[in-house]
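Values in this document were obtained by computation on a predicted structure and should not be read as measured data. Residue numbers start from 1 in every chain, and the chains themselves are labelled A, B, ... in the order their sequence lines are given, proteins ahead of strands.
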Protein chains: 2
Amino acid sequence: MSLTLADAIERHILALLQECGQADLQRVVLARQYDCAPSQINYVLATRFTPERGFVTVSRRGGGGYIRIVRSGQPELPRLAAALRQSGTGVAQAEAAAIVARCGASGWLTEREARMLTDMLHRDVLDLPLPQRDLLRARLLAVALLSASQGR
Amino acid sequence: MSLTLADAIERHILALLQECGQADLQRVVLARQYDCAPSQINYVLATRFTPERGFVTVSRRGGGGYIRIVRSGQPELPRLAAALRQSGTGVAQAEAAAIVARCGASGWLTEREARMLTDMLHRDVLDLPLPQRDLLRARLLAVALLSASQGR
DNA sequence: GGGCTTTTGACCTTCCCTGACCTATTATAG
DNA sequence: CTATAATAGGTCAGGGAAGGTCAAAAGCCC
């Protein structure tokens, strides 16, 4: 559909990232290339290259200034998954729900993903006697979080 | 046999779908073409291109906004969930993966959701003896699909 | 007339893009 | 060394361009 300016710039930056795994650019230069206001670049960064979408940006002002965009893995989720796995202990329904809710609130999971997980981990669904039920829940949750952290 | 405006617009969109399997349109443009209120387009979408009838619509607002309608030949999520539940029988891993993949391909699930489900439903994760394992997988999948269908 | 579907219009939310102004960093003149 | 100029990025409010919602009016068919 009709490519907006923001979309075009997004692609440009994504292409750079594809090439080198990191995109260095100068705001005014890119703005001139696309014949737009420099702040448009900030708009693209703010709406498309957010931490929530797995990017971090660093920049420097003044002479020789630049903007650098890099893909950031999502360390939180793998770390959480590892913690769950290591503990080797089970996870109660309420505990799981709290973890999922926190991940949702901080943007690591979408609202829909959070809802799916919460529903799936309900005791009536797992339907096992108690020591095993919580263990299964822990495994499922760990796998889900790990899986969610793989790319986007 | 009176052809209402809504019917005409429905045919128009169906024709577009026939051509390319996907219909992209701009609301105001189509409204002008049929000399009607823009919200009339929404009415047609809401009454004729519903998930129940096998369509998904996505849209973007603001400059460069558009509406996209795609046919998803795949069974609707709640229906699938109900089928899984009713059958009362288990679901093998390969079967589950295929279902999830189809849902992903037709846009009912995001790529990430599909990956999460596939991973969660792996036999090593469920880790139960065989009649129960497939039954648990069926329950999990049904709940997940149902949950995913609950709004966006 | 009663109950359905269709159609419209007023109002809302979201997204794009810019311009004016601000802050940080470096270069340079005195 | 310090003050100032030059350079570069950051922020924010606001206007315009879409699409979304909802209730009320208008048709239509018993």
Side-chain angles (χ1 to χ4, degrees), chain A residues 1-14 16-17 22-53 55-70 72 107 110-112 152, chain B residues 1-14 16-17 22-53 55-70 107 110 149-152:
Chain A
M1 209 54 221
S2 62
L3 242 342
T4 66
L5 185 48
D7 291 329
I9 296 175
E10 177 186 14
R11 290 194 184 186
H12 183 108
I13 295 176
L14 281 175
L16 290 180
L17 279 165
Q22 131 176 339
D24 285 333
L25 53 92
Q26 288 205 286
R27 197 176 69 147
V28 277
V29 173
L30 195 55
R32 255 202 306 275
Q33 250 177 79
Y34 284 90
D35 191 31
C36 65
S39 54
Q40 175 71 2
I41 309 302
N42 295 92
Y43 173 72
V44 174
L45 295 180
T47 55
R48 272 108 162 133
F49 295 90
T50 65
E52 196 198 324
R53 296 197 186 187
F55 299 94
V56 272
T57 69
V58 292
S59 66
R60 269 189 62 166
R61 307 186 183 190
Y66 62 91
I67 301 176
R68 167 170 299 166
I69 301 114
V70 296
S72 85
T110 69
E111 196 181 320
R112 207 165 82 138
R152 172 140 294 210
Chain B
M1 193 53 210
S2 64
L3 203 45
T4 68
L5 220 197
D7 292 331
I9 296 176
E10 176 185 14
R11 291 193 184 185
H12 182 110
I13 295 176
L14 281 174
L16 289 181
L17 280 166
Q22 146 174 322
D24 285 339
L25 53 93
Q26 289 205 282
R27 197 177 68 148
V28 276
V29 172
L30 195 54
R32 256 203 306 275
Q33 254 175 76
Y34 284 89
D35 191 32
C36 65
S39 53
Q40 175 71 0
I41 309 301
N42 295 90
Y43 174 73
V44 174
L45 294 180
T47 55
R48 276 116 164 126
F49 295 89
T50 66
E52 288 78 20
R53 299 197 186 185
F55 298 94
V56 216
T57 71
V58 292
S59 66
R60 255 177 70 172
R61 306 188 181 188
Y66 61 90
I67 301 176
R68 167 171 300 165
I69 303 112
V70 296
T110 69
S149 74
Q150 234 100 89
R152 169 131 295 203

Checking C/dT6, C/dC16, C/dT18 against the side chain of A/Y43 (C-beta onward), the nearest is C/dC16
Interatomic distance where CZ belongs to B/R32 and P belongs to C/dT8 [whole Å]: 15 Å
Taking atom P of C/dT6 as reference, at what distance in whole Å does atom CD1 of B/I41 sit? 14 Å
Could you tell me if the side chain of B/V44 sits less than 4.5 Å from the side chain of B/F49, heavy atoms only? yes
Please confirm whether the backbone N or O of B/A31 pairs with a side-chain atom of B/Q40, one donor and one acceptor, at under 3.5 Å? no
Using the closest heavy atom to pick a nucleotide of DNA chain C for each, name whichever of B/G63 or B/R48 lands nearer the 5' end. B/R48
What are the residues of residues 3-13 of chain A, sorted by number, that bring a heavy atom to within less than 4.0 Å of DNA chain C? A/T4, A/L5, A/A6
Is the backbone of B/A46 close enough, under 3.5 Å, to the side chain of B/T50 for a donor and an acceptor to pair up by distance? no
Length of the line joining A/Q40:CD and D/dT11:P, which is rounded to integer Å: 16 Å
Value in whole Å for how far the P atom of D/dA18 lies from CZ of B/R68: 17 Å
B/I67 backbone acceptor or donor facing B/Q26 side chain under 3.5 Å: no
How long is the span from the CG atom in A/L30 to the SG atom in A/C36, to the nearest 0.5 Å? 7.0 Å
Residues B/I69 and B/L17: closest non-hydrogen pair is O-CD2, 3.4 Å
Side chain A/T4, main chain A/D7, donor-acceptor under 3.5 Å: yes
Just by protein heavy atoms under 4.0 Å, how would nucleotides 19-30 of chain D read 5' to 3' in B, S and -? BBBB--------
Side chains of A/V29 and A/L25: closer than 4.5 Å at any heavy-atom pair? no
